[in-house]
Amino acid sequence: MSEFLNPESPLRVAVLYGGTSAERDVSLKSGQAVIAALKTTEIDVIGIDINNTGDWLPLLQQADFDVAFLALHGRGGEDGTIQGLLECLEIPYTGSGVLGSALAMDKLKTKQVWQTLGLPTPGYCWVDASTDLEAVWRKLDGIPLMVKPVHEGSSIGMSKVDRLDQLQDAVAKAADLDSCVFVEQWVTGKEFTVSILNGEALPVIGLETNHQFYDYEAKYLVNDTRYLLPCGLSLEEERQLQALSLRAFNAVGCQDWGRVDLMLNEKGEPQLLEVNTLPGMTDHSLVPMAAQAKGYSFPELVLAIIQAAKQRYGF
């Protein structure tokens with residue numbers, strides 16, 4: 001921590017959290033956890049709730065701090081929007097830039113980039129109101145399928161579909177949240193997540209849940225989700241997932257820290273699902289868990305993320 005502690009000019013950090021997306025509640029918890037961690041150091045910290053009143057904008061324009069720590073999840077915070085504003089205001093910030101944030105938030109564009117580079121990801125079809133869903137069912141080989149809104153996180157709006165007659169309702173549910181929806185082949189197998197910190201893949205975490213999939217409730221609301229750390233793979237298998245996750249992360253222009261979610265199908269083949277550029281920092285969150293396994297306390301993880309921004313901007 002000493003590299004940040006200059007008694008003549010202490011580092012000033014503004015934690016941006018809250019936001020106006022469907023993930024606001026989780027973001028508030030993430031921001032509060034980061035603020036609490038920074039208060040255990042000699043860093044000056046303030047919290048700025050990015051709400052829908054706009055009263056936070058003058059605080060950014062005054063920019064009485066050295067760097068913005070972004071603890072925003074979902075649209076408006078994780079999609080390049082706040083990053084673009086901070087770029088215009090010439091305010092340093094943590095995490096991925098405008099391009100990486102916008103691209104990773106778009107699950108469909110992310111999959112297209114991965115496919116272009118030959119990285120494995122489940123087959124899919126983009127759908128809208130005019131799409132022949134029966135044709136989609138046939139193309140993707142039917143049962144089961146996963147329906148996803150393109151621009152939501154935390155598994156919000158996602159549905160597993162076991163029958164063709166369920167597909168229309170699942171698409172409508174996702175379309176209520178997002179104008180862009182896609183249907184993806186279901187992957188039967190084991191789910192894993194790989195946290196990325198400053199160019200290094202942290203220990204892989206295996207995920208097991210009693211739910212149909214690792215949904216919002218399994219992530220944030222229940223206590224029976226099982227986090228496997230060690231993940232249960234051989235050392236070579238874990239290294240392969242780490243290497244693939246780093247490639248997937250870098251492929252969409254992400255920076256400094258984040259998380260890659262993926263599965264191993266029944267044949268043991270990896271299938272990339274998505275990249276999270278501003279993952280949760282709550283007591284249920286996966287990046288702090290993986291970082292702890294690598295030897296980082298929570299405050300040390302927060303400082304490592306700030307250090308990456310410091311190296312990039314030179315503040």
Side-chain angles (χ1 to χ4, degrees), residues 78-79 95-96 99-126 139-141 144-158 160 174 180-197 199-209 213-215 218-219 227-228 231-234 236-280 286-287 290:
E78 202 167 353
D79 59 1
S96 295
L99 174 61
S101 300
L103 190 51
M105 190 68 188
D106 190 312
K107 297 184 184 69
L108 194 56
K109 294 292 191 298
T110 294
K111 289 172 74 71
Q112 290 166 345
V113 170
W114 286 342
Q115 286 183 322
T116 299
L117 296 175
L119 301 182
T121 188
Y124 66 93
C125 288
W126 174 80
K139 180 178 179 181
L140 297 179
D141 297 325
L145 296 174
M146 178 68 85
V147 178
K148 298 180 177 181
V150 170
H151 302 102
E152 287 292 349
S154 294
S155 301
I156 293 171
M158 290 170 45
K160 180 185 178 185
C180 296
V181 176
F182 71 105
V183 182
E184 185 178 65
Q185 288 177 326
W186 178 265
V187 180
T188 299
K190 298 179 179 179
E191 187 161 359
F192 300 91
T193 191
V194 182
S195 300
I196 309 295
L197 181 63
E200 179 185 8
L202 300 181
V204 177
I205 299 176
L207 304 169
E208 293 181 349
T209 175
F213 58 94
Y214 189 47
D215 59 11
K219 289 177 177 176
Y227 303 101
L228 308 182
C231 65
L233 299 174
S234 69
E236 180 58 28
E237 289 172 325
E238 182 167 7
R239 286 175 175 170
Q240 290 175 356
L241 288 193
Q242 288 173 317
L244 175 61
S245 298
L246 270 173
R247 288 185 64 196
F249 185 81
N250 293 332
V252 290
C254 296
Q255 293 174 290
D256 297 349
W257 79 293
R259 204 186 73 232
V260 178
D261 296 337
L262 69 166
M263 295 186 70
L264 288 181
N265 64 21
E266 292 177 308
K267 297 179 181 179
E269 301 165 335
Q271 295 289 308
L272 294 162
L273 300 178
E274 64 178 288
V275 178
N276 297 273
T277 56
L278 292 177
L286 298 166
V287 174

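Atom set for the values below is all heavy atoms of this structure, side chains included, hydrogens, waters and symmetry mates excluded.
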Novice: Mark yes or no for whether Thr110, through its side chain, and Leu103, through its backbone, hold a donor-acceptor pair below 3.5 Å.
Specialist: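 Yes.
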
Novice: What are the two closest heavy atoms between Glu238 and Leu233, and how far apart are they?
Specialist: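 Heavy-atom minimum between the residues: N-CB, 4.2 Å.
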
Novice: Atom CG of Leu264 and atom CD of Glu269: how far apart are they, to the nearest 0.5 Å?
Specialist: 9.5 Å

Novice: Distance from Leu244 atom CG to Leu119 atom CG, nearest 0.5 Å?
Specialist: 6.0 Å

Novice: Locate the shortest heavy-atom distance separating Ala248 from Val260; write the atom from each residue and the value.
Specialist: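 Answer, listing the atom of Ala248 first, then Val260: CB-CG1, 4.4 Å.
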
Novice: Measure across Glu78 and Leu278 and return the closest heavy-atom pair with its distance rounded to 0.1 Å.
Specialist: OE2-N, 3.0 Å

Novice: Can a donor-acceptor pair be found, under 3.5 Å and without considering hydrogens, that links the side chain of Ser96 to the backbone of Ser101?
Specialist: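 Between the backbone of Ser101 and the side chain of Ser96 there is no qualifying donor-acceptor contact (under 3.5 Å).
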
Novice: To the nearest 0.5 Å, how far apart are OH in Tyr124 and CD in Gln115?
Specialist: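 CD of Gln115 is found 4.0 Å from OH of Tyr124.
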
Novice: Hey, what do you get for CD (Gln242) to SG (Cys231), rounding to the nearest 0.5 Å?
Specialist: 8.0 Å

Novice: Please identify each residue that fulfils side chain to side chain contact (heavy atoms under 4.5 Å, CB included) with Thr193, with sequence neighbours left out.
Specialist: Ile205, Leu207, Arg259, Asp261, Leu286

Novice: If you compare all heavy atoms of Val150 against all heavy atoms of Phe182, which two are closest, and at what distance to 0.1 Å?
Specialist: CG2-CD2, 3.7 Å

Novice: What residues form a side-chain hydrogen bond (donor to acceptor under 3.5 Å, both in side chains) with Thr116, not counting sequence neighbours?
Specialist: none

Novice: Hey, are the side chains of Val275 and Cys254 touching, using non-hydrogen atoms and a 4.5 Å cut-off?
Specialist: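 Result yes, sub-4.5 Å side-chain heavy-atom pair found.
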
Novice: Output all residues satisfying side chain to side chain contact (heavy atoms under 4.5 Å, CB included) with Leu197, sequence neighbours left out; order by chain, then residue number.
Specialist: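 Applying side chain to side chain contact (heavy atoms under 4.5 Å, CB included) to Leu197 gives Leu202, Trp257, Tyr296, Leu301, Ala304, Ile305.
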
Novice: Who passes side chain to side chain contact (heavy atoms under 4.5 Å, CB included) against Gln185, sequence neighbours left out?
Specialist: Pro122, Leu140, Asp141

Novice: If every non-hydrogen atom of Val147 is compared with every non-hydrogen atom of Ala174, which pair is closest and at what distance?
Specialist: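 Minimum heavy-atom contact is CG1-CB, 4.1 Å.
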
Novice: Tell me every residue that passes salt bridge (charged side-chain N to carboxylate O under 4.0 Å, His left out) with Glu184, counting only those two or more places apart in sequence or in another chain.
Specialist: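 Listed in chain order: Lys111, Lys148.
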
Novice: For the residue pair Leu262 and Pro270, what are the closest heavy atoms and their distance?
Specialist: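 What the structure gives for the nearest pair is CD1-CB, 4.4 Å.
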
Novice: Quick one: list whatever passes side chain to side chain contact (heavy atoms under 4.5 Å, CB included) with Gln240, sequence neighbours left out.
Specialist: Glu236

Novice: With rounding to the nearest 0.5 Å, note down the distance linking CH2 in Trp114 to CG in Leu272.
Specialist: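 So the gap between those two atoms works out to 4.5 Å.
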
Novice: Looking at CD of Glu208 and CG of Leu228, how far apart are the two atoms once the value is rounded to the nearest 0.5 Å?
Specialist: 4.5 Å

